[in-house]
Number of protein chains: 2
Amino acid sequence: MYTIKEVAKLMDVSEHTLRFWAKSGLFPGVKRDANNIRQFSEHDLGWVKIVKCLRSVGTDNKSIKRYIDLCLIGDSTIPERFGIIKATRIKALQQMEELKKQLELLDYKESYYEELIKNNKSDKYNPANDIKEAVS
Amino acid sequence: MYTIKEVAKLMDVSEHTLRFWAKSGLFPGVKRDANNIRQFSEHDLGWVKIVKCLRSVGTDNKSIKRYIDLCLIGDSTIPERFGIIKATRIKALQQMEELKKQLELLDYKESYYEELIKNNKSDKYNPANDIKEAVS
DNA sequence: TAATTCTTGAGAGTAGCTATCAGTCAAGTA
DNA sequence: TACTTGACTGATAGCTACTCTCAAGAATTA
C-alpha cells in the first residue's frame with residue numbers, strides 16, 4: 001500500500017495532480033484507512049499508469065473518464081476499449097513523427113549557433129535566417 | 001505574402017492561436033496592408049516555425065518571448081540563445097523517450113485486447129490486470 | 001444594392017492543472 | 001501533559017494557453 005506522496009514519487013506525477021485526477025473519478029475504488037487517507041494498492045497503480053499514459057498523449061480527462069468507466073462496466077465494452085487504445089496508439093505514433101521533425105529543427109539550430117560561435121560570426125539580427133525551407 | 005488563414009493552413013496552427021501568439025509578441029514585425037490585415041512573409045513563417053517548435057516541446061510562452069526578444073537584440077545574445085536551444089533539444093529527447101515508453105504500454109494493451117477478442121475471453125472486469133509491472 | 005466572405009480586436013469561456021489554506025490526525029519532544 | 005511537527009484532507013482561488021463568440025469594417029460577388 002502506498003500513500004499519495006509515495007505514488008507521486010513513484011509515478012512522477014504531483015500530489016496535486018493525483019488528487020485532481022482522483023476527484024475526477026479517474027481512480028475508481030481507491031481504499032482509505034481509518035483516518036480517511038488514500039491507500040493505493042498495486043492494482044491502483046495500474047490505473048495511475050494508464051491515466052498517465054493517456055494524458056501524456058493528450059487525451060482529455062473526460063475521454064479518460066469514459067475509458068475508465070468502460071473498464072468498470074466489464075467485458076461488453078472490450079471492443080470499444082480496443083478502439084480507444086488503437087486510436088490512441090496512432091495518435092502517439094503521429095506525435096512521435098512530429099517530435100522527430102521538431103528535433104531536426106533543434107539539431108539544425110544548435111549546429112547553426114555552434115558554427116556562429118566558433119567562427120565569431122553574426123547572424124545579422126535575423127534569427128530566422130537559419131531556416132531554409134519556410135513551411136513546416 | 002500570406003494571410004493569417006493561409007499561414008494557419010500551411011503551418012497547421014489555428015488562426016486563433018496565431019492571433020494569440022501574435023498578441024503575445026511572438027511574431028515581431030509582421031506587416032499589415034492598407035486594411036490592417038496581417039501579411040506574413042516567408043521570413044515571418046520562420047518565426048511561426050520556431051515558435052511552434054518550442055511550444056510543441058512544452059516551452060511556455062513567456063520563455064518563447066524571451067527567446068524571440070534575445071533574437072531581436074542581436075549577436076550579443078547568441079550564447080544565451082545557444083543555451084536555450086541546447087536545453088530544449090535535451091527536453092525533446094527526454095520527451096521522445098517518454099513517448100516511446102508510453103507507446104510500449106499502448107502496444108501491449110492493444111495486443112492484450114486483440115487476444116481477448118480473438119479468444120472470446122473475459123478480462124474479469126479488471127482492465128488494469130493487463131499491466132505486469134506496476135510502476136512506470 | 002444586397003448578401004457573402006474575410007479579417008480584425010475585444011472579451012468571455014474552458015481545460016487542466018497548480019498553489020494556498022484551514023482543519024484533522026498521529027507521532028515525537030519538553 | 002502540552003506543544004510542535006509533519007502528512008494528509010477537501011475547498012477554493014489563481015494561472016496558462018488556448019478556444020470561441022461577437023460586432024465592426026472592408027472587399028467580393030450576385
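So that the names make sense, note that chain A is the first sequence line, chain B the second, and so on, each numbered from 1. When reading the values below, keep in mind they use all heavy atoms of this one structure, side chains included, and skip hydrogens, waters and symmetry mates.
Residues Glu97(B) and Lys100(B) are paired through a salt bridge, judged by an N-O separation under 4.0 Å between the basic side chain and the carboxylate.
Between the C1' atom of dT5(C) and the CD1 atom of Ile4(B) lies a distance of 16 Å, rounded to the nearest Å. Taking atom CD of residue Glu6(B) and atom C1' of nucleotide dC6(C), one finds them 11 Å apart after rounding to whole Å. To the nearest angstrom, P of dC6(C) lies 17 Å from CZ of Phe40(B). The nearest whole Å value for the distance from the NZ atom in Lys9(B) to the C1' atom in dC6(C) is 15 Å. When rounded to the nearest whole Å, the span between CG of Asn61(A) and C1' of dT14(C) equals 13 Å. We find that CG of Leu18(B) is positioned 14 Å from C1' of dT8(C), with the value rounded to whole Å. When rounded to the nearest whole Å, the span between CG of Asp33(A) and P of dA26(C) equals 9 Å. Atom CZ of Arg32(B) and atom C1' of dC6(C) are 14 Å apart (whole Å).
Leu72(B) and Leu45(B) fall within a single hydrophobic cluster, where Ile, Leu, Val, Met, Phe, Trp and Tyr side chains are chained together by heavy-atom contacts under 4.5 Å. Hydrophobic clustering (ILVMFWY, side-chain heavy atoms < 4.5 Å, transitive): Ile90(A) and Leu103(B) are in distinct clusters. Under a hydrophobic-cluster definition in which Ile, Leu, Val, Met, Phe, Trp and Tyr are linked whenever side-chain heavy atoms come within less than 4.5 Å, directly or via other members, Leu93(B) and Tyr113(A) are assigned to the same cluster.
For the pair Lys52(A) (side chain) and Met11(A) (backbone), a donor-acceptor distance under 3.5 Å is present. Looking at Lys109(B), its side chain never comes within 3.5 Å of a backbone N or O of Ile85(A) through a donor-acceptor pair. Counting only distance, with no hydrogens or angles, the side chain of Asp44(A) and the backbone of Ser41(A) share a donor-acceptor pair below 3.5 Å. Side-chain N or O atoms of Gln102(B) include none that pairs as donor or acceptor with a backbone N or O of Leu99(B) at under 3.5 Å. In terms of modelled atom types and a separation under 3.5 Å, the side chain of Glu15(A) and the main chain of Ile4(A) share no donor-acceptor contact.
In the helix from dT1(C)-dA30(D) to dA30(C)-dT1(D), the rotation axis of the first five pairs and that of the last five pairs differ in direction by 10°, rounded to 10 degrees.
Nearest-nucleotide assignment on DNA chain C puts the 5′-proximal partner with Glu15(B), out of Glu15(B) and Lys23(B). Where Arg55(B) and Ile37(A) each meet DNA chain D at their nearest nucleotide, the meeting point lying more 5' is that of Ile37(A).
Using a 4.0 Å heavy-atom criterion, one finds that Arg19(A) contacts the bases of the nucleic acid, with or without backbone contacts as well. Among the protein residues, Thr3(A) comes within range of the sugar-phosphate backbone only, with heavy atoms under 4.0 Å from sugar or phosphate atoms but none that close to a base. Within the 4.0 angstrom heavy-atom criterion, only backbone atoms of the sugar-phosphate kind lie near Arg38(B); the bases stay farther away.
Among the nucleotides dC6(C), dA19(C), dC17(C), the one closest to any side-chain atom of Phe20(A) is dC17(C).
Within the 4.0 Å cut-off from OP1 or OP2 of dG16(C), not a single side-chain nitrogen or oxygen of Trp21(A) is found.
In the 5' to 3' direction, nucleotides of DNA chain D lying under 4.0 Å from heavy atoms of chain B begin and end at dA17(D) to dA27(D).
A heavy-atom distance below 4.5 Å is not found between the side chains of Glu80(A) and Tyr67(A).
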